[in-house]
K.L.:
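First the structure, then my questions, so here it is.
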Amino acid sequence: MNSSSRRLTAPFFLRPDVVGISRELLGKCLFTRINHCAVTGGIIVETEAYAGPQDRASHAYNNRFSKRTEVMYRRGPVAYVYLCYGLHWLFNIITNVEGVPHAVLIRAIQPVKGTKLMLERRGKSRLDCRLTSGPALLSQALGICGRHSGTSLLGHEIWLEEGINVPPGMICSSPRIGVSYAGQDARLPWRFYVRGNSWVSRAALKK
DNA sequence: CAGCAGATTGACT
DNA sequence: GTCAATCTGCTGC
């Protein structure tokens, strides 16, 4: 099977069930090819769903709209990349049709391709779980930053492919990380990860 | 090992 | 002014 036939296409992302999409993204591959450099990427092992205007943890809660969140209202799949705590870029996949601001935060990947370039971008010499185990870490490793917010995920810079099958019994869920401000919604079990996978993020392991 | 301060920008939850 | 979908490096046990 060649690369193009393994790519995830629009129908996967246009469905209304963002929590289901978030779960199904486990085992898929996320790749980037930034500035015509080598392809980098790996298998998604941890995600979180953000379910639009009704979700207090979402940047689009109550249809909040700003220069930053404008991208969330676009037709999927596009990247929503924003700066957290003033220095970390976090990468999300925007799903659903235009006007519905659903998002999946990619929290951790298991490196598969372009490890050398990812180590360079992270300023590391040794391969360990700190390369891509965390939303800010994987963005840095993949070369994703603010300028990619709004980039289509059907193009040649950032895209997704079929990966490995993760059996339902290997999928765990838990509350989302770092959303304590979200009231009752902070308790929703909308974080998904692969059981026992050593590339799941550090913050998440404490839970 | 745990705990915590610091980094630093955009939105106001 | 305050806090945020985070991570690092330092302190002290």
Side-chain angles (χ1 to χ4, degrees), chain A residues 18-19 21-23 25-26 30 42 44-74 76-96 100-111 118-150 153 158 172-193 198-207:
Chain A
V18 69
V19 175
I21 293 174
S22 183
R23 191 190 298 110
L25 279 169
L26 296 178
L30 172 64
I44 296 171
V45 297
E46 184 180 343
T47 64
E48 282 179 2
Y50 288 84
Q54 273 60 253
D55 180 359
R56 297 187 84 91
S58 171
H59 289 169
Y61 174 59
N62 206 18
N63 280 311
R64 282 196 315 247
F65 195 91
S66 67
K67 194 173 175 183
R68 179 176 75 158
T69 61
E70 166 270 317
V71 164
M72 299 183 78
Y73 295 83
R74 296 193 197 173
V78 295
Y80 168 50
V81 186
Y82 75 95
L83 193 59
C84 180
Y85 296 98
L87 68 163
H88 298 301
W89 293 109
L90 270 59
F91 170 76
N92 298 251
I93 295 172
I94 296 303
T95 66
N96 216 318
V100 184
H102 285 175
V104 177
L105 172 66
I106 305 302
R107 291 192 50 88
I109 66 171
Q110 176 176 338
M118 291 198 283
L119 284 167
E120 268 175 43
R121 287 178 176 144
R122 294 271 300 110
K124 292 168 56 66
S125 50
R126 289 182 167 276
L127 175 60
D128 61 33
C129 71
R130 295 164 90 127
L131 183 64
T132 53
S133 298
L137 303 187
L138 75 87
S139 297
Q140 189 178 30
L142 294 175
I144 294 172
C145 63
R147 81 169 173 86
H148 298 106
S149 201
L153 302 182
I158 310 174
C172 300
S173 63
S174 81
R176 293 170 290 182
I177 306 297
V179 297
S180 54
Y181 58 89
Q184 285 294 326
D185 290 350
R187 304 166 64 163
L188 293 168
W190 285 355
R191 168 181 164 255
F192 300 98
Y193 60 99
S198 56
W199 298 90
V200 168
S201 74
R202 202 172 153 206
L205 289 174
K206 291 184 181 175
K207 294 275 166 174

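These numbers were taken from a predicted model, which means no experiment stands behind them. Heavy-atom basis, side chains included; hydrogens, waters and symmetry copies ignored. The chains referred to below are lettered A, B, ... by the order of the sequence lines, with proteins before strands, and numbering in each begins at 1.
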K.L.:
What are the two closest non-hydrogen atoms of A:Pro189 and A:Ser173, and how far apart are they?
P.N.:
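Closest approach of A:Pro189 to A:Ser173, heavy atoms only: O-CB, 3.7 Å.
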K.L.:
Quick one: label A:Ala57 by what it contacts on the DNA or RNA (base, sugar-phosphate, nothing), any heavy atom closer than 4.0 Å.
P.N.:
base
K.L.:
Tell me whether the side-chain N/O atoms of A:Arg122 come closer than 4.0 Å to OP1 or OP2 in C:dC7.
P.N.:
no
K.L.:
Can you tell me the distance, in whole Å, between the CZ atom of A:Arg130 and the P atom of C:dT6?
P.N.:
16 Å
K.L.:
Does the side chain of A:Ile109 reach to within under 4.5 Å of the side chain of A:Leu142, using non-hydrogen atoms?
P.N.:
yes
K.L.:
Quick check: does any side chain N or O of A:Asp55 sit under 3.5 Å from a backbone N or O of A:Ala57, one acting as donor and the other as acceptor?
P.N.:
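Answer holds: yes.
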K.L.:
First locate atom CG of A:Leu83, then atom OG of A:Ser139, and finally report the distance between them rounded to the nearest 0.5 Å.
P.N.:
10.5 Å
K.L.:
With a 4.0 Å cut-off on heavy atoms, is A:Asn92 in touch with a base, just the backbone sugar-phosphate, or nothing at all?
P.N.:
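Base: the residue A:Asn92, judged by heavy atoms under 4.0 Å, touches a nucleobase.
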K.L.:
Using Watson-Crick or G-U wobble geometry with both distances under 3.5 Å, which nucleotide pairs with B:dT8?
P.N.:
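Partner of B:dT8: none.
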K.L.:
Can A:Arg74 be said to sit on top of A:Tyr80's aromatic six-ring, NZ or CZ under 6.0 Å from centre and within 45° of the ring axis?
P.N.:
no
K.L.:
Roughly, in whole Å, what's the span from CG in A:Leu87 to P in C:dA4?
P.N.:
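Distance check: A:Leu87 CG to C:dA4 P gives 15 Å.
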K.L.:
Round to a whole Å and report the spacing from CG of A:Leu90 to P of C:dC7.
P.N.:
7 Å
K.L.:
Can you tell me how far C1' of B:dT9 sits from OH of A:Tyr85, to the nearest Å?
P.N.:
13 Å
K.L.:
Name the residue closer to the 5' end of DNA chain C, choosing between A:Ser180 and A:Leu138 according to the nucleotide with the nearest heavy atom.
P.N.:
A:Ser180
K.L.:
Does any N or O in the side chain of A:Arg56 come within less than 3.5 Å of the main-chain N or O of A:Ala186, such that one atom is a donor and the other an acceptor?
P.N.:
no
K.L.:
Hunt down the Watson-Crick or G-U wobble partner of C:dC13, both distances under 3.5 Å, from any strand shown, or write none.
P.N.:
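For C:dC13, the partner nucleotide comes out as none, under the 3.5 Å rule.
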K.L.:
Tell me the interatomic distance from A:Leu105, atom CG, to C:dA4, atom P, rounded to whole angstroms.
P.N.:
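So the two atoms are 16 Å apart, to the nearest Å.
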K.L.:
For the salt bridge (charged side-chain N to carboxylate O under 4.0 Å, His left out) test, which of A:Arg176, A:Arg191, A:Arg23 pairs with A:Glu46?
P.N.:
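Checked A:Arg176, A:Arg191, A:Arg23 against A:Glu46; only one passes salt bridge (charged side-chain N to carboxylate O under 4.0 Å, His left out): A:Arg191.
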K.L.:
Using the P atom on both, measure C:dC13 against B:dA5 and round to a whole Å.
P.N.:
15 Å
K.L.:
Considering only nitrogen or oxygen atoms on both sides, find all protein atoms under 3.5 Å from nucleotides 10-13 of chain B and state each distance.
P.N.:
{"residue": "B:dA11", "atom": "OP1", "partner": "A:Ser66", "partner atom": "OG", "Å": "3.4"}
{"residue": "B:dA11", "atom": "OP1", "partner": "A:Arg68", "partner atom": "N", "Å": "3.0"}
{"residue": "B:dC12", "atom": "OP1", "partner": "A:Arg64", "partner atom": "NE", "Å": "3.1"}
{"residue": "B:dT13", "atom": "O4'", "partner": "A:Arg64", "partner atom": "NH1", "Å": "3.4"}

